[in-house]
Amino acid sequence: MAEFTGEPRGEGRRIVVVASRFNESITVPLAEGAVTTLVGKGVAFDDIDVLWVPGAWELPVAVRRALSSGKYDAAVVVGAVIRGGTPHFEFVAGETSRGLMEASRDFEVPVTLGLLTTDTIEQAEERAGGAHGNKGIDAALAALEVLDVFDRAFAGDNFGEDDA
């Protein structure tokens, strides 16, 4: 049985960080954490693009557009949807997550989720550099690890192509 694990290696990678401006006091540290981590793991600063969109709802279309360009090995997504007093939270959080997964599936490119979905601003702050770390960092590491495991598992394999 073959077993593969990846390591977060960024050399030679081109990454797009797609970030929501809404809840900017939360999303800026998430995006900064992602970029700093990518550079720290070997991604050249010039090989990282950061796309800012107005809110979480716009994240999936921005990711799809970026991936359709063929320029990126992975997308790291950061944003924050904080529960309010209306059902708006459920629609935005659920559909945004679904749209991001569909983009990953459709383009066969890692799209990692640093999208916070919290009940309170305090919970979001704890996950944007506070007591629970920085989920932008986690999303960046996950993207690089998935890319590395793909390289290891499918190197020279013509994965997904006919052998005819």
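Other members of the hydrophobic cluster containing V92, listed by chain and number, are V16, V18, L51, V53, W57, L59, V63, L67, Y72, V77, V81, F89, L100, F107, V109, V111, L113, L115; membership follows side-chain contacts under 4.5 Å among ILVMFWY residues, whether direct or relayed.
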For this session: For R83 and E90, run salt bridge (charged side-chain N to carboxylate O under 4.0 Å, His left out): C-alpha distance rounded to whole Å, both residues' side-chain angles, the deciding distance at 0.1 Å, then the answer.
Result: CA-CA 8 Å; R83 187 179 304 277; E90 283 81 9; 2.5 Å; yes
Problem set entry | Test log, rule side chain to side chain contact (heavy atoms under 4.5 Å, CB included), inputs V17 and D49 | CA-CA 6 Å; V17 176; D49 291 334; over 6 Å; no
Problem set entry | Evaluation steps, side chain to side chain contact (heavy atoms under 4.5 Å, CB included), between V149 and E145 | CA-CA 6 Å; V149 80; E145 185 176 332; 5.6 Å; no
For this session: List the steps, then state whether salt bridge (charged side-chain N to carboxylate O under 4.0 Å, His left out) holds for R21 with E24.
Result: CA-CA 5 Å; R21 283 194 325 267; E24 196 171 40; 5.4 Å; no
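In plain terms, the two heavy atoms of A66 and S69 that are nearest each other are O-OG, 2.5 Å. The two residues V76 and A143 make their nearest non-hydrogen contact at CG2-CB, 3.8 Å. Scanning all heavy atoms of the two residues, the minimum distance from P29 to A128 falls at CB-O, 3.5 Å. Minimum heavy-atom separation, G79 to S20: CA-CB, 4.0 Å. Scanning all heavy atoms of the two residues, the minimum distance from A19 to A31 falls at CB-CB, 4.2 Å. When all heavy atoms of G55 and F22 are compared, the pair lying nearest together is CA-CB, 4.0 Å.
No single ILVMFWY cluster, assembled from side-chain heavy atoms under 4.5 Å apart, contains both F150 and L141.
With values rounded to the nearest 0.5 angstrom, L147 atom CG is found 5.5 Å from I15 atom CD1. Interatomic distance, I26 CD1 to I82 CD1, rounded to the nearest 0.5 Å: 5.5 Å. Going from atom CG of D148 over to atom CG of L144 covers 8.5 Å, rounded to the nearest 0.5 Å. D106 CG to M101 CE: the interatomic distance, rounded to the nearest 0.5 Å, is 11.0 Å. Remark: T27 OG1 to W52 CH2 distance equals 4.5 Å, nearest 0.5 Å. To the nearest 0.5 Å, the span separating NZ on K135 from OG1 on T118 amounts to 12.0 Å.
With hydrogens and angles disregarded, a donor-acceptor distance shorter than 3.5 Å links the side chain of S68 to the backbone of R65. Within the 3.5 Å criterion, the main-chain N or O of D119 finds a donor-acceptor partner in the side chain of Q123. Using a distance-only test at 3.5 Å, with no hydrogens or angles considered, a donor-acceptor pair links the side chain of N134 to the main chain of I137. When atom types are taken as modelled, the side chain of D73 and the backbone of R14 share a donor-acceptor pair closer than 3.5 angstrom.
None of V35, N23, V78 except one satisfies the side chain to side chain contact (heavy atoms under 4.5 Å, CB included) rule with L30; the exception is V78.
Within 6.0 Å of atom CZ in F4, more than 12 heavy atoms from other residues, nucleotides or ligands are found, so the atom counts as buried in its surroundings. Counting non-hydrogen atoms of other residues, nucleotides and ligands closer than 6.0 Å to NE2 of H132 gives a total above 12.
Salt bridge annotation for E102-R64: absent, with no cationic side-chain nitrogen under 4.0 angstrom from a carboxylate oxygen. Between D151 and R13, at least one side-chain N (NZ, or NE/NH1/NH2) sits under 4.0 Å from a carboxylate O, which counts as a salt bridge.
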